[in-house]
Amino acid sequence: MATLETSVKIGKPVAQVFEFITNLENQKKLSSYITGIQVSEPLKVGTKYKIQTTSMGNVIETLNEVVAFEPNKKFGVKTFAPPPASDVTNTYVLEEDGGGTKLIMQVDAVLTPAGMPKMPGMEDMMKKQMLAGFESTLATMKKVIEG
């Protein structure tokens, strides 16, 4: 398991950014693959919810659990991925930064999932690809939040 980290500055107050990331319906604005979200209680540590994604006609449902919830400071979610993928924990840390917010994304993930060949340089390649995806997600989040 490795921890990957990247960040972005968003020109909105911490409270507004926290509200955005904890409103699960906003995830649909960040990914066209997300087609459904099922949550039956307010978000807090221990809340479980499902996200449905659809790609090329295939529907995948993942179970998620809130593992960190500190208003205007931290929001973390563990995703229980269906095999062959590995579970992933995403944590957002929010810091005031001038008139805006520094949003830090920390991801605990297995860089070479089960069944993937272990070759020299594979973990570095996976790390670069994953970070590029996370940076793209944060850039989209910044654009949507800032309007």
Side-chain angles (χ1 to χ4, degrees), residues 1-14 16-39 43 45 47-70 72-147:
M1 184 90 48
T3 300
L4 308 176
E5 184 176 305
T6 189
S7 65
V8 67
K9 182 174 179 184
I10 299 175
K12 295 291 181 180
V14 167
Q16 188 174 344
V17 176
F18 187 80
E19 170 62 30
F20 180 89
I21 64 175
T22 57
N23 178 344
L24 299 179
E25 286 298 316
N26 285 329
Q27 291 189 25
K28 292 177 184 177
K29 296 176 184 175
L30 303 175
S31 173
S32 61
Y33 296 105
I34 296 175
T35 54
I37 298 172
Q38 300 169 348
V39 61
L43 295 183
V45 172
T47 298
K48 293 183 178 164
Y49 63 94
K50 294 179 183 177
I51 292 184
Q52 183 181 68
T53 56
T54 304
S55 176
M56 298 190 310
N58 296 314
V59 177
I60 298 172
E61 191 170 89
T62 55
L63 177 64
N64 302 271
E65 180 178 353
V66 176
V67 295
F69 192 93
E70 297 176 44
N72 302 327
K73 292 182 182 177
K74 186 185 283 189
F75 179 62
V77 174
K78 182 171 185 173
T79 299
F80 299 94
S86 300
D87 296 349
V88 175
T89 301
N90 295 315
T91 303
Y92 294 100
V93 178
L94 298 88
E95 298 176 353
E96 292 202 27
D97 187 356
T101 302
K102 180 178 181 183
L103 180 61
I104 303 163
M105 182 181 194
Q106 300 169 334
V107 180
D108 294 323
V110 174
L111 296 178
T112 52
M116 183 175 276
K118 302 217 185 245
M119 299 183 296
M122 179 65 75
E123 284 191 8
D124 286 339
M125 181 185 77
M126 294 298 293
K127 182 178 178 179
K128 287 178 186 175
Q129 288 179 350
M130 291 172 85
L131 278 171
F134 303 149
E135 289 167 356
S136 176
T137 297
L138 289 181
T140 301
M141 199 177 287
K142 173 183 173 70
K143 183 177 178 182
V144 172
I145 294 170
E146 289 181 345

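Just so you know, residue 1 is the first one in the sequence shown, and it goes up from there.
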Q: Taking the side chain as every heavy atom from C-beta outward, state whether Val77 and Tyr92 have any atom pair closer than 4.5 Å.
A: no
Q | Heavy-atom closest pair, residues Phe18 and Lys73 | A | CD1-N, 4.2 Å
Q. Measuring from Glu19:CD to Asn26:CG, what's the distance to the nearest 0.5 Å?
A. 8.0 Å
**Q.** Nearest-0.5 Å distance that lies between atom CD in Gln27 and atom CD in Glu25
**A.** 9.0 Å
Q: Please answer whether the main-chain N or O of Thr62 pairs with a side-chain N or O of Asn64 as donor and acceptor at a distance below 3.5 Å.
A: yes
Q.
Donor-acceptor check, side chain of Thr137 to backbone of Gly133, threshold 3.5 angstrom: yes or no?
A. yes
Q.
In the structure I gave you, are the side-chain heavy atoms of Thr22 and Val66 within less than 4.5 Å of one another anywhere?
A. no
Q: Quick one: pull up CD1 in Ile145 and OG1 in Thr101 and give me the separation to the nearest 0.5 Å.
A: 8.0 Å
Q) Would the number of heavy atoms belonging to other residues, nucleotides or ligands and lying under 6.0 Å from CD of Gln129 be above 12? A) yes
Q. For the atom pair CG (Leu94) and CZ (Phe20), what is the distance rounded to the nearest 0.5 Å?
A. 12.0 Å
Q.
Can you give me the closest heavy-atom contact between Ile37 and Leu24, atom names plus distance?
A. CD1-O, 2.9 Å
Q: Start with the C-alpha gap between Leu43 and Phe75, add the side-chain angles, then the distance that decides, and say whether side-chain contact (heavy atoms from CB on, under 4.5 Å) holds.
A: CA-CA 10 Å; Leu43 295 183; Phe75 179 62; 4.0 Å; yes
Q: For Tyr33, look at atom OH and say whether over 12 heavy atoms of other residues, nucleotides or ligands are found less than 6.0 Å away.
A: no
**Q.** Spatial distance of atom CD (Glu146) from atom CE (Met141) [nearest 0.5 Å]
**A.** 12.5 Å
Q.
Could you report the tightest heavy-atom contact between Val17 and Lys12, atom names first, then the distance?
A. CG2-O, 4.0 Å
Q) Do you know which two heavy atoms are closest between Ser86 and Ala81, and how far apart they sit? A) O-CB, 3.3 Å
Q: State, to 0.1 Å, how close Ile104 and Glu95 come at their nearest heavy-atom pair, and which atoms those are.
A: CD1-OE2, 3.5 Å
Q) Any chance the side chains of Glu5 and Gln106 put a donor and an acceptor closer than 3.5 Å? A) yes
Q: Using atom types as modelled and distance alone, determine if a side-chain donor or acceptor of Gln38 lies under 3.5 Å from a backbone N or O of Lys50.
A: no
Q. How about Lys28: does its NZ atom have over 12 heavy atoms from other parts shown lying under 6.0 Å from it?
A. yes
Q.
If we ignore hydrogens and angles and just use 3.5 Å, is the side chain of Lys142 paired with the main-chain N or O of Lys9 as donor and acceptor?
A. yes
Q: Could you tell me the separation between the CG atom of Leu4 and the CE atom of Met126, rounded to the nearest 0.5 Å?
A: 10.0 Å
